[in-house]
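Just below is one structure, and these are the notes that go with it.
Numbers here simply count residues along the sequence, with the first being 1. Remember, predicted model here, so these are calculated numbers, not experimental data.
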Amino acid sequence: MIELTGRQRACLRTLCVRKGFSTVESLARMFDVSSRTMRTDLKAIESFALENGCSIERVPGKGVRLSASKTSGLRLRGMLDEGENRVYGRQERDAVAELLLALRPVVKFQDISNYCHVSKQTIASHFSDVDDFYGENGVEVIREPGVGSHLAGAEIDIRRCFLGLVSDVEFYNVLRPILIDELLAVYGDKAATLINAVQEARQVVFADQERLTIVICFVLMRISRSCMLPAGETDEEFEIDSQDDPGIGRLLSEHDDLLPTEPEIVFVASILLSQRLSGTHRVVDEEHMGNDEASSISRELVCALRELHEIDEPSLQHVLEGFTRHLRAAIYRSRNGIQIQAEVPVQITSSIPLLYDFTRKHLAAVEARYGISLNDSEVAYIAMYLDAIYETSVRDAVALDVLFACSFGLASSSILMTRLSHALADCHVVGPMSLEEARGYISSRNVDLVITTNHFDCEGTPVLEVDPLLNQEALDAVKRQITTASYSKLCSSFLRSYSAKSADGETSSVREVVDPSAVQVGVECSDWREAIRKAANPLLRAGYIEQHYVDRMVSAVEDYGPYMVLTPGMAYVHAGVNDGIRDNCAAILVLSRPVAFGPAGEKRVRGIVVLGIRDKERSDLLSLASIFERDSNLRMLENPELDVESVLGMHD
């Protein structure tokens, strides 16, 4: 049997993750060896792959990639993860750095490099990714020459970052040894005291005991360093109102040596409540847990997703188990009158509206059968799980096809591609090629995005022109464009699958959802805010919504960006059920000319759809988005002779 070195294992693991081709030169740069050494490594890797039912595909001019069935690929990755002398990939190194910063008062590059078995220079060269992770969450990484790096920011934001790290399924096994050494070993007994006190007093058990204990350990560690939550800093996500478990706060307050202030008690109580199970015995019957209501609901929701796209359950087992545990806790809260309240529903309905609407629709039937009632916050958290499952499953199918075109020569293009490698990690990249070659390539193949260093006209395909030197501004522009294009492709994939699975091939028309009086065409607007307000006017005049609802729609776009643009040129805006909506309603406005949509004008839209949905079983968003996903309908919206009757007659 072929035995691989640590570097060869790391290289094969990289090929397992990547779906596109990798050149020998790029792999050599990645592992800091010569191309000749990498070719020698690939021979050993190829023999090892063949022994395990896989192969290495070689294509001149493109490079190499792993060819394996899903089963063989998963088995191969499992074998690699069991190997010793593990070499961490770039994203894994980032996760290690992010965790060490959360756990230690000061972290040096040498600390991270020692753990990951790479040089300090390697850590330093990619540390901007760590800055970005914390920066996006309102926390700053402060670097002091000769001392090290530490975090600065609101305590609640630092804790959110930590919760995100330990909740990340992809990297948990990488981080687990650090968590055990630096948290469980030191604070594990104290955390167990709090957890056991609540379990014994309430006769419940908690899901995922290890992670729950780790989170409580982190809180105790922060308290021990006097990094505590000031009064008022916990926000609605971590508040407990009088309808929650009124005794849990009193129970935790008995341990004032561990939780000395009210905000800390509130924070820990909220974590415990979110993890609670409905067991009435200290020991849970695992066989029963696998066949309870939560498991049945979990299976039903995942089966509904499976109708849209194949779900690779073995690779998502940990997520699916966590989903079932969450549902078990949600059922418990529903039947015991515990209402969680958070800002999450607004964020979810704005950032993943299709999955949220899909989740709400399917849960409406579930609630009736099982005698439960889940509020918007509960639905939002469930939608987050389903979105993670769906996005992971379709990742390969919706990966962007990106083409590099350049007239400065292959050398400069190759350098540009290398600098963009992190931003394009999940894309299928072709090129570099000349502008003439690019035109020929696009004429016969689908391309989602062209990145070029020159002016390049390509009707129907987005083109991003960048400076060959790729300064930070240009890099940020590429990242935004990739995020936008990836999201659009994901939405299109979802809507196509949803439309294809519609019952009995029946069609839905705009007329079935929108009243003729609420359709406006050929309207002139100066910006997207005016467009939303004009689109909502018919519903406002009819008394379906209040002015507060309109204001909340505008603020949702300002806060969360242009995620509401779900189909090309169409934005679907709405607010919450408690924001001033009196009845189910919908309105459509078609602009005489497109306007830039979003705080930074990220997308251009021709139409605005305003939605007001109070009933859970309504799926007007899915119905209208499926209609406006059709190319023929989108072309019709651009017709200057368009009238209201033509819009009402559009169907999926």
Using atom types as modelled, flag every donor-acceptor pair under 3.5 Å from a side chain in residues 138-148 to any protein atom, sequence neighbours excluded.
{"from": "Arg143", "atom 1": "NH1", "to": "Asp131", "atom 2": "OD1", "distance (Å)": "3.2"}
{"from": "Arg143", "atom 1": "NH1", "to": "Asp131", "atom 2": "OD2", "distance (Å)": "3.3"}
{"from": "Arg143", "atom 1": "NH2", "to": "Asp131", "atom 2": "OD2", "distance (Å)": "3.1"}

- Just wondering, do Ile352 and Tyr563 contact through their side chains at under 4.5 Å, heavy atoms? no
- Backbone of Ile331 reached by a side-chain donor or acceptor of Ser334 within 3.5 Å: no
- Item | Exam field: side chain Asp256 to backbone Ser253, donor-acceptor pair closer than 3.5 Å | no
- Query: Is the closest side-chain heavy-atom distance between Arg104 and Asp111 below 4.5 Å?
  - Reply: yes
- Task: Using the side chain to side chain contact (heavy atoms under 4.5 Å, CB included) rule, pick out the option among Leu220, Leu251, Val219 that qualifies with Leu194.
- Result: Leu220
- Message: Tell me if a side-chain donor or acceptor on Tyr356 pairs with a main-chain N or O of Ala380 at a distance below 3.5 Å.
- Response: no
- Query: So, the side chain of Asn114 versus the backbone of Gln110: is there a donor-acceptor pair under 3.5 Å, distance only?
  - Reply: yes
- Applied to residues 140-168, the ring pair (Phe, Tyr, Trp, His ring centres under 6.0 Å) test, sequence neighbours excluded, yields Phe162-Phe218
- Query: Do Leu386 and His362 come close enough that some side-chain heavy atom pair is under 4.5 Å?
  - Reply: no
- Message: Between Thr261 and Leu229, is there a side-chain heavy-atom distance shorter than 4.5 Å?
- Response: no
- Least distance between heavy atoms, Ser149 atom then Leu101 atom: O-CD2, 3.7 Å
- Could you check if a side-chain atom of Phe494 sits within less than 4.5 angstrom of a side-chain atom of Glu391, using non-hydrogen atoms only? no
- Query: Looking at side-chain heavy atoms only, is the closest gap between Leu258 and Val268 below 4.5 Å?
  - Reply: no
- Message: Assess the residue pair Asp357 and Arg360 against the criterion (salt bridge (Lys or Arg N to Asp or Glu O under 4.0 Å)); give the C-alpha distance rounded to whole Å, side-chain angles, the decisive distance to 0.1 Å, and a yes or no.
- Response: CA-CA 5 Å; Asp357 210 52; Arg360 186 173 63 169; 3.1 Å; yes
- Task: Kindly say whether Leu611 contributes a backbone atom to a donor-acceptor pair with the side chain of Tyr572 at under 3.5 angstrom?
- Result: no
- Query: So do the side chains of Glu155 and Met228 get within less than 4.5 Å of each other, counting heavy atoms only?
  - Reply: no
- Exam field: side chain Ser298 to backbone Ala294, donor-acceptor pair closer than 3.5 Å: no
- Query: So, are Arg159 and Glu264 salt-bridged, with charged N and O less than 4.0 Å apart?
  - Reply: yes
- Query: Mind checking what makes side chain to side chain contact (heavy atoms under 4.5 Å, CB included) contact with His309, not counting sequence neighbours?
  - Reply: Tyr390, Ser393, Val394, Ala397
- Is atom NZ of Lys489 surrounded by more than 12 heavy atoms (other residues, nucleotides or ligands) closer than 6.0 Å? yes
- Query: Thr392 side chain to Ala388 main-chain N or O, any donor-acceptor pair under 3.5 Å?
  - Reply: yes
- Measure the shortest side-chain to side-chain distance between Glu182 and Leu99 over non-hydrogen atoms and say whether it is less than 4.5 angstrom. no
